[in-house]
There are 2 protein chains.
Amino acid sequence: MSAGHTEVTSGPVVSCSGEHEDCGIRDVLDRIGDKWSVLVVVELAQGVRRFRQLQRAVPGISQRMLTLTVRRLERDGLLTRTVHPTVPPQVEYALTPMGHSLTHLVKSLADWSLEHRDPIARARQEWDDANPGSGIH
Amino acid sequence: MSAGHTEVTSGPVVSCSGEHEDCGIRDVLDRIGDKWSVLVVVELAQGVRRFRQLQRAVPGISQRMLTLTVRRLERDGLLTRTVHPTVPPQVEYALTPMGHSLTHLVKSLADWSLEHRDPIARARQEWDDANPGSGIH
DNA sequence: CTGCATCCCTCTGGATACTG
DNA sequence: CAGTATCCAGAGGGATGCAG
């Protein structure tokens, strides 16, 4: 450990030491990695929301994707969907405790993102500068 | 705090309170959300690796995707690519300090994932059970 | 209001073959 | 070994229209 950074600071990064395979990270990654799940979870972290409220809170989302997203989150047990048999229909979405615990993770993500957005932006700029017409993005 | 869970435990989940927009989370999400970036980062957390080593360490990945993945990570300043002008060619990949800091996040992700994999699996099972032929995944 | 069905287009990513 | 180039199938996701 002479220059730069240490190799491994505190043991293996993931619990499945030697090998990594998926160890189930894939499941979570696929969920938080998709385009809208995180934003919906973040909005629901503020409290119970109805369908239209969610759609307005997440500006770019289409009803199709909002429907798909909340269905998947419901399926994973991250939120609950409560239908009030009124007219017009009223459906309320709320995070489950597990969903709430996920918001902590998301917060870490957001924090890291904010903390490194500038360095990343600069790195990208320099790289694009040094590699014109690479087609990488 | 009577029943269930609290609404907002410690202020807004993301720094961009009222509104959320992207606040730059998108950038990070797109990177860690793709199919291979996280696995490559995890492998590199163990130490410096060469191209073939990486490919063998991440079983399912094709050279095409490995190339694309490391290029993008390099562009973002998360890893360095060192070419040794030998024959046969030898290229070493290593995480930057910023890349290493990301591994901490990934570890949190993996921990959460492992901690909730069973509840999620059960929730999915029950949901699929209650909603046959929904087409949701 | 809440949601499903359909069309359609883009982008991801796998397989394969070729180069320095 | 370390890539690059090409082709191609499938998933993701937007727009729109219809229904309860």
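Chain A is the first sequence line, chain B the second, and so forth, proteins listed ahead of strands; every chain is numbered from 1.
The separation between B/L54 atom CG and D/dG3 atom P is 10 Å, rounded to whole Å. Between the CG atom of B/N131 and the C1' atom of C/dG3 there is a distance of 14 Å, rounded to whole Å. In this structure, the CD1 atom of B/I136 is 14 Å from the C1' atom of D/dA11, given to the nearest Å. B/Q55 places its CD atom 14 Å from the C1' atom of D/dT4, with the value rounded to the nearest Å. Atom CZ of B/R31 and atom C1' of C/dT12 are 13 Å apart (whole Å). With rounding to whole Å, B/R52 atom CZ is found 9 Å from D/dA2 atom C1'. One interatomic measurement links the two molecules: CG of B/L29 to P of D/dG13, which rounds to 12 Å at whole-angstrom precision.
Between D/dG14, C/dG14, C/dC1, one nucleotide has an atom nearer to the side chain of A/R50 than all others, and that is C/dC1.
Contact annotation: B/Y93 side-chain N/O to D/dG3 OP1/OP2 distance is under 4.0 Å. When the side-chain nitrogen and oxygen atoms of B/H137 are compared with OP1 and OP2 of D/dG12, one or more of them lie within a distance under 4.0 Å. A sub-4.0 Å separation between OP1 or OP2 of D/dG14 and a side-chain N or O of A/K35 is present.
At least one donor-acceptor pair under 3.5 Å links the side chain of A/Q53 to the backbone N or O of A/R50. Side-chain atoms of A/S113 never come within 3.5 Å of backbone atoms of A/L109 as a donor-acceptor pair (strictly under, hydrogens ignored). A donor-acceptor pair is defined here as one N or O able to donate and one able to accept, closer than 3.5 Å; no such pair exists between the side chain of A/S37 and the backbone of A/G33.
Taking every heavy atom of both residues into account, A/D34 and B/R26 meet most closely at O-NH2, 3.8 Å.
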Do A/R122 and A/Q125 pass the side chain to side chain donor-acceptor pair (under 3.5 Å) test, and can you show the C-alpha distance, the side-chain angles, and the key distance before you say yes or no?
CA-CA 5 Å; A/R122 264 184 277 111; A/Q125 187 60 50; over 6 Å; no

Does the pair A/R31 and A/R72 meet the rule for a side chain to side chain contact (heavy atoms under 4.5 Å, CB included), with working shown?
CA-CA 8 Å; A/R31 194 56 62 243; A/R72 291 197 270 241; 3.7 Å; yes

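B/V87 and B/V91 sit in two unconnected hydrophobic clusters of ILVMFWY residues. Membership requires side-chain heavy atoms under 4.5 Å apart, directly or through other members.
For the segment residues 63-89 of chain A, residues with any heavy atom less than 4.0 angstrom from an atom of DNA chain D are, sorted by number, A/Q63, A/R64, A/M65, A/P89.
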